[in-house]
Amino acid sequence: MSHLGSIACKVTNLKHLTQLHANLIQNSLHHHNYWVALLLTHCTRLHAPLAYTHLIFNSLPCPDGYVFTSMLRYYSQLGAHSEVVSLFKQMQYCGIRPAGTFVYPVLIKLAGEACIVFHAQVVKLGHFQDRYVRNAIMDMYAKYGPVKFARKLFDEMPERTLADWNSMISGYWKWGDEVEARRLFDVMPEWNIVTWTSMVTGYAKKGDLESARRYFDEMPEKSVVSWNAMLSGYAQNGFAEKALRLFDDMITAGVQPNETTWVTVISSLSLHGDPCLADSLVRTLDQKKIHLNCFVKTALLDMYAKCGNLETAHRIFDELGVYRNSITWNAMISAYTRVGDLTSARELFDKMPEKNVVSWNSLIAGYAQNGQSAMAIELFKDMTATKDLKPDEVTMVSVFSACGHLGALKLGNWVVNILNENHIKLSISGYNSLIFMYSRCGSVEDANRVFQEMETRDVVSYNTLIAGFATHGHGMKAIELMSKMKGEGIEPDRVTFIGVLTACSHAGLLEEGWKVFKSIQAPAVDHYACMIDLLGRVGELDEARKLIESMPIKPHAGVYGSLLNASRIHKRVELGELAASKLFELEPYNSGNYILLSNIYASAGRWEDVERVRGKMRKVGVKKTTGWSWVEYKGEIHKFIVGDRMHKRSDDIYRLLSELGRKMRRNGYMADKSCVLRDVEEEEKEEMVGTHSEKLAICFALLVSEVGAVIRVVKNLRVCWDCHTAIKIISNLEGREIIVRDNNRFHHFSNGLCSCKDYW
DNA sequence: CTAGGGTTAG
């Protein structure tokens, strides 16, 4: 017996546990309640697999109260609520009287919403005299609410232990009541490590790291838990470097890191995405013979995934087997979405047993970030149909972004309704995504309204609205907003200047643009590209060329792209050729450059050169990028591609198209080679042939929309110039306002005119 | 036996 006792003391991992188990079987002690209860306790501590724990529990012919209690604890740790309840029933069925001291704390922690019932039952059974039980109930109210009930019990207690004070304090932190938490801390008779640590965690969760650090430094003594609290405070608030430095301090202070410490350290390191660092970390863990529990393994999985090593990540995922929890699944799902493998991500998501908000958010964000906005919104619709799950701010950020990309204002407003219905509070980044959505949906007024409503704004808020002004061609407003942000003490960054210069460019504000450009300390390549775009659009092409020649840094494709586009606007063949030759070196597979150059030749009537460029395209093997256009109608996105025949209203659309063609000719519009009715010709056989997508989308909108309503179309590329002319005519003939959003700006057509100046 | 620390999504 005594040797078993010494083995039992040394159970620090699952291998030891199975050894002890084997020893018990050898000594025929595996039907002994005492030993089984001990084994089950170890199972809880070591997060043993469910099947193994069941095996131990089921081997007992008649478990007693202690064995049941151990099993309850195991389930409670897993969060297996229904199992706890059924085990509790089984216990009562077996006639085992619940030992309040042991059973109730376990049950109560799981009960959550059912807490009042348990509270009553405990009082009825007379367990309320027990201070552990009393603390457990109070702690339950403190954690799950209403926190007022906890306070009532706390105030009515005949005597209060330190644990009661501590429960109450962490309860207040949990509900965000910093004032009350601090007040209690200040008036309580004595403090221990737990008290101090709760204060550190409380402030850290609030994001007030200075206060957290102050309490941490003032603590008379620290445990690993205290260090871990401070570490995760830094890590959770995005200060990975500070966390790692604190970890060094911890080692210097001679504190042994435990598994929890490593979890935080690994997650801080994984932000670097450095494979070498990952390998050396794993070696360190191996050298120190650190036991890897499921938390550490999940953190490692995530780290490998972020370093681009998906094979190892997946291996860990497989190895974890029954140890997998929802976080493991989520980490694996986002590992796939990060590399754009949405099929695998979706597969995992569908297989996942218990999905939570993060699972949905990961996949929705995955779709949104990989250009599948419509899918993101579909998934969000599925999510809202799931009753026991509420979207949160993170969900909204992705969905707003998706609506913005689609330019789907009605959908966006529907999402805003859901936001209000669920009383979701938005942080700065939430508001920023809302600003983005409204400005990309064409409602820069709403974007501005949201911006004005914000209590605090960051540089992204300003940048987003400035970019919104830029796409709408409001140059002066963008410049004014930049002055305003300076006035409020927020320094413009690289992105701000890109926004303002783009705005100047779209509004033709040469002088103001120059001023802004000259105010940039060390302009980046992108700023040069914007400035060259501005010079080019207003016709200062030689100035633009001079600016390129004077650049202290190597120009990139954007710079020559601006020059090429300007050459197209102002029909400068030789300059266009120069820009194009650079571009064919820099990005030979970008079809847009070939198209622009051939358009320049076409506008000069140099058809042989047009043919030559097309020949070059074929030779290099460049395929024309497929452009999509879409229209929002009744909460659905209707998407069109060149020559689309897939849409269910296709026949009607083409009928309308030819009707429009006849109408144009009757009104004297000529269909010449460079304009109006020209569609992609047979010559581009291998590619998509037919009517351009924006024309199809507009026709669809004409069919379904109410008379006189504004038509809104989004295209994911530049509106091609012949379509641009055609849309002007359509707006005139049909008396309709048509708004087309490009990949970089809004075109506002009415009465045969367009708001932009750079198309013929 | 009660109270403090952990991994995932924007």
Side-chain angles (χ1 to χ4, degrees), chain A residues 41 66 69-70 73 99-106 108-109 130-140 142-143 160-171 173 191-202 204-205 219 222-233 235-236 257-268 270 293-303 305-306 320 325-335 337-338 356-366 368-369 391-401 426-427 429-430 432-433:
Chain A
T41 310
Y66 286 92
T69 307
S70 303
R73 273 183 203 282
T101 324
F102 278 87
V103 174
Y104 282 105
V106 176
I108 287 162
K109 279 182 190 172
D130 189 293
R131 61 186 171 122
Y132 296 109
V133 176
R134 204 166 49 211
N135 175 270
I137 291 177
M138 201 202 80
D139 191 64
M140 167 193 73
K143 280 202 176 70
R160 283 180 278 271
T161 63
L162 199 45
D164 295 323
W165 285 95
N166 290 342
S167 287
M168 204 61 237
I169 287 180
S170 68
W173 277 122
W191 307 287
N192 65 3
I193 300 188
V194 180
T195 329
W196 285 99
T197 309
S198 327
M199 294 307 278
V200 172
T201 315
K205 289 261 153 72
M219 288 174 77
K222 300 177 182 68
S223 66
V224 213
V225 179
S226 325
W227 284 93
N228 290 346
M230 196 64 232
L231 273 173
S232 79
Q236 292 280 315
N258 65 9
E259 288 163 350
T260 305
T261 320
W262 286 110
V263 170
T264 312
V265 171
I266 294 168
S267 81
S268 297
S270 53
N293 66 16
C294 64
F295 288 92
V296 184
K297 283 191 180 163
T298 303
L300 281 173
L301 183 160
D302 185 56
M303 182 179 69
K306 282 179 179 152
L320 271 167
N325 58 23
S326 53
I327 296 176
T328 321
W329 284 88
N330 293 342
M332 201 62 226
I333 289 173
S334 46
T337 59
R338 206 174 289 126
N356 59 19
V357 199
V358 180
S359 326
W360 287 87
N361 289 352
S362 306
L363 199 59
I364 290 175
Q369 286 164 7
D392 64 6
E393 194 196 353
V394 181
T395 325
M396 301 324 258
V397 169
S398 299
V399 178
F400 284 145
S401 159
L426 291 185
S427 67
S429 61
N432 291 349
S433 68

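Computed from a predicted model, the values in this text were never measured in an experiment.
Residue A:R338 is classed as a sugar-phosphate contact, given heavy-atom separations below 4.0 Å to backbone atoms only. Residue contacts for A:S362: at a heavy-atom cut-off of 4.0 Å it reaches the sugar-phosphate backbone alone, with no base atom in range. Looking at heavy-atom distances under 4.0 Å, A:S198 makes contact with sugar-phosphate atoms alone, never a base. Among the atoms of the strands shown, base atoms are found under 4.0 Å from some heavy atom of A:S226. At the heavy-atom level, A:K205 lies under 4.0 Å from the strands shown only through sugar-phosphate atoms. A:N192 comes within 4.0 angstrom of a nucleotide base, judged by non-hydrogen atoms across all strands.
Computed from coordinates, the A:I333 CD1 to B:dG10 P distance equals 13 Å when rounded to whole Å. Whole-Å rounding puts the A:N356 CG to B:dA9 C1' distance at 9 Å. Atom CD1 in A:I327 sits roughly 8 Å away from atom P in B:dT7 (whole-Å rounding). Between the CE atom of A:M199 and the P atom of B:dA3 there is a distance of 19 Å, rounded to whole Å. Between the C1' atom of B:dA3 and the CH2 atom of A:W173 lies a distance of 16 Å, rounded to the nearest Å. Here B:dT8 presents its C1' atom at 14 Å from CD of A:Q369, a figure rounded to the nearest Å. We find that CG of A:D302 is positioned 5 Å from P of B:dT8, with the value rounded to whole Å. Remark: C1' of B:dA9 and CZ of A:F400 are 16 Å apart, rounded to the nearest angstrom.
A:N325 is linked by a side-chain contact (heavy atoms from CB on, under 4.5 Å) to A:I327, A:T328, counting only residues two or more places apart in sequence or in another chain. A:N166 meets the side chain to side chain donor-acceptor pair (under 3.5 Å) test with A:N192, A:T195; sequence neighbours excluded.
The side chain of A:K306 contributes no N or O atom lying less than 4.0 Å from OP1 or OP2 of B:dT7.
With B:dG5, B:dA3, B:dA9 as the choices, the nucleotide that has an atom nearest any side-chain atom of A:A163 turns out to be B:dA3.
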